[in-house]
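Numbers here are sequence positions counted from 1.
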Amino acid sequence: MAKYDYSYIRSLIREIRVGDSDAFAALFAATCQNQYHRAYAKLQNEYDTQDVLQKTYSMILASDSIPSDPKVFLSVMDQYNDLLCSKALEAKGVTSDNPNPDKAPDLDIDTAETMLDYILHVNHWNQSSFKLETLADYNSYRKSKSTLQRVILAVIIVFFCCLPVFFLKPGFTLTEEKDDSNTITYRVSISAILPIEHVTAVIGNTYQQVSKENDGTYVIHPATNGEMTVDVTLISRQYKEETISVTDVDETIPEVTDKYMKDGMVHLFVKDDGSGIDYDSIYAITDSSETVLPSTIDKDTGEVTFPKPDGSYNVYISDNNGNQLHLILTITPNNG
C-alpha cells in the first residue's frame, strides 16, 4: 500500500483548489509513481499506462469538487485510475488477472516531466516553475521527516501559545492593479510578526486564485465580478478579513467574426475587446480526440488557420482572463 504524508497532500489540495499549478505539480510528483504502478499492473503496457495517467490527472483538474480530505482525494484518484484501466482493457477485449503493483516498473522521470507539462497545457493551467525531479526529492524528504516535523510543529505551536504575540492580528492593504491587457489583479501587502498560514479570496462561494510573489506580497487574480472577501490568517489562527467590490473583471468570451475554407485550410478571424486573445491557448480536438495546434496565427488581424479536418473540429479559444470560446466546426463536402 502506498504511503503518503497526508498533511502535505492536504496543503497541496487546498492550493490546487485555488488554481496553483505548482501545487498540482507537487501532487503529481508525490503520487505519479504509485498511480503508474497501479495502472501498469493491470495494463502491462507503458503507452496504455501513460495514457491512463494523463486522463486520470486531467479528470482531477477538470473536477469542480476536489475532496479536501487527503484520504478521500487519493481514493477518488484510485477510482479514476481503475475506471480508465477497465475501459482500456474492455476496448482490447482482454482482462487482467491478479495485478501486483509491487512488480510494476517505475515511471521514467523525463517521461513524467513531459507528461506533467502536457497535462497542464491541455487543461489551460500555467506550467510549473519547479522541475519535477526537485519536487519528487522534496516529497521523499517530507515522508522521511514527517514524524520529526510533527513533533517540531507541536513544540512550536505550544511555544507560541504561551506568548502574548500569539493574539496579535495581521494587518494588510489591498492595491488594485492592471496589466497591458487590462487584466485586473489585487496586491495584498501584509504586516504581521508571525508567519502567514494562508491568504484566501472568495467571491460568492468560489475561491479565487492567489499567488505569492518573491517580495512577500500576494496577488489575487479574480475571475469574476462581485463582492470579494479577502482573508489573511496567521499560523496562530489570528486573522483579518476585508471585503471589496470587484467590478472590472473581463467576463466576456472571445468571438469569431468571420470564417471560411480556402486551399484546404480553415480560416478563423477572432477578437476579444476585453483582456485580448490568448493566442498561445488556441487549439482544436478532432473527432478521434487528437489535439491540433494552429498552422498560422496573425495577431495583427486576428486570423488563425487550421488544416482541413476529416469531419469536425472542437476549437477552443481563450482570452487573457481565461474566458473560453468552444466552437464546433463541421466540414461538409460543399465547404471544399
Side chains of [X] and [Y] only: does a donor on one sit below 3.5 Å from an acceptor on the other?
X: Glu227; Y: Ser245; result: yes
X: Thr286; Y: Ser288; result: yes
X: His221; Y: Ser211; result: yes
X: Thr183; Y: Asn320; result: no
X: Gln127; Y: Ser21; result: no
X: Asp319; Y: Gln324; result: no
X: Asp250; Y: Ser275; result: yes
X: Ser318; Y: Asp278; result: no
X: Tyr218; Y: Ser189; result: no
X: Thr296; Y: Asp298; result: no
X: Asn34; Y: Tyr4; result: yes
X: Asp22; Y: Ser128; result: yes
X: Gln209; Y: Asp20; result: no
X: Thr175; Y: Arg187; result: no

Here's one to test your reading of the geometry: is the NZ or CZ of Lys55 within 45 degrees of the ring axis of Tyr80 and under 6.0 Å from its centre?
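Because its charged atom misses either the 6.0 Å distance or the 45° angle limit, Lys55 does not stack over Tyr80.
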Answer yes or no for Lys169 and Tyr239: cation-pi contact, defined as NZ/CZ to six-membered ring centre under 6.0 Å and angle to ring axis within 45°.
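Yes, a cation-pi geometry holds between Lys169 and Tyr239.
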Which residues end up grouped with Val202 if you chain together Ile, Leu, Val, Met, Phe, Trp and Tyr wherever their side-chain heavy atoms are less than 4.5 Å apart?
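Joined to Val202, directly or through intermediates: Val18, Tyr207.
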Neighbour count >12 (heavy atoms, 6.0 Å) for atom [atom1], [X]:
X: Glu133; atom1: CD; result: no
X: Lys178; atom1: NZ; result: yes
X: Glu90; atom1: CD; result: no

Could you work out, with side chain to side chain donor-acceptor pair (under 3.5 Å) as the rule, every residue matching Gln79, not counting sequence neighbours?
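Only Ser75 meet the side chain to side chain donor-acceptor pair (under 3.5 Å) criterion with Gln79.
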Ignoring hydrogens and geometry, is there a side-chain-to-backbone donor-acceptor pair from Thr217 to Glu213 under 3.5 Å?
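No, the answer is negative, given that no donor and acceptor are paired below the 3.5 Å cut-off.
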Does any N or O in the side chain of Asn81 come within less than 3.5 Å of the main-chain N or O of Gln35, such that one atom is a donor and the other an acceptor?
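Yes, because the side chain of Asn81 sits within donor-acceptor range (under 3.5 Å) of the backbone of Gln35.
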Relative to the ring of His121, is the ring of Tyr283 parallel (under 30°), tilted (30 to 60°) or perpendicular (over 60°)?
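Ring orientation, 0 to 90° scale: tilted.
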Plane angle bin for His267 and Tyr260 - parallel if under 30°, tilted between 30 and 60°, otherwise perpendicular
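Judged by the thresholds at 30° and 60°, the geometry between Tyr260 and His267 is parallel.
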Return the [atom1] to [atom2] distance between [X] and [Y], rounded to the nearest 0.5 Å.
X: Leu132; Y: Asp117; atom1: CG; atom2: CG; result: 8.5 Å
X: Leu12; Y: Phe24; atom1: CG; atom2: CZ; result: 11.0 Å
X: Leu194; Y: Ser236; atom1: CG; atom2: OG; result: 4.5 Å

Tabulate below the donor-acceptor pairs under 3.5 Å that side-chain atoms of residues 105-112 make, not counting sequence neighbours, or state none.
| residue | atom | partner | partner atom | Å |
| --- | --- | --- | --- | --- |
| Asp106 | OD1 | His37 | NE2 | 2.7 |
| Asp108 | OD2 | Asp110 | N | 3.0 |
| Asp108 | OD2 | Thr111 | N | 3.1 |
| Asp108 | OD2 | Thr111 | OG1 | 3.4 |

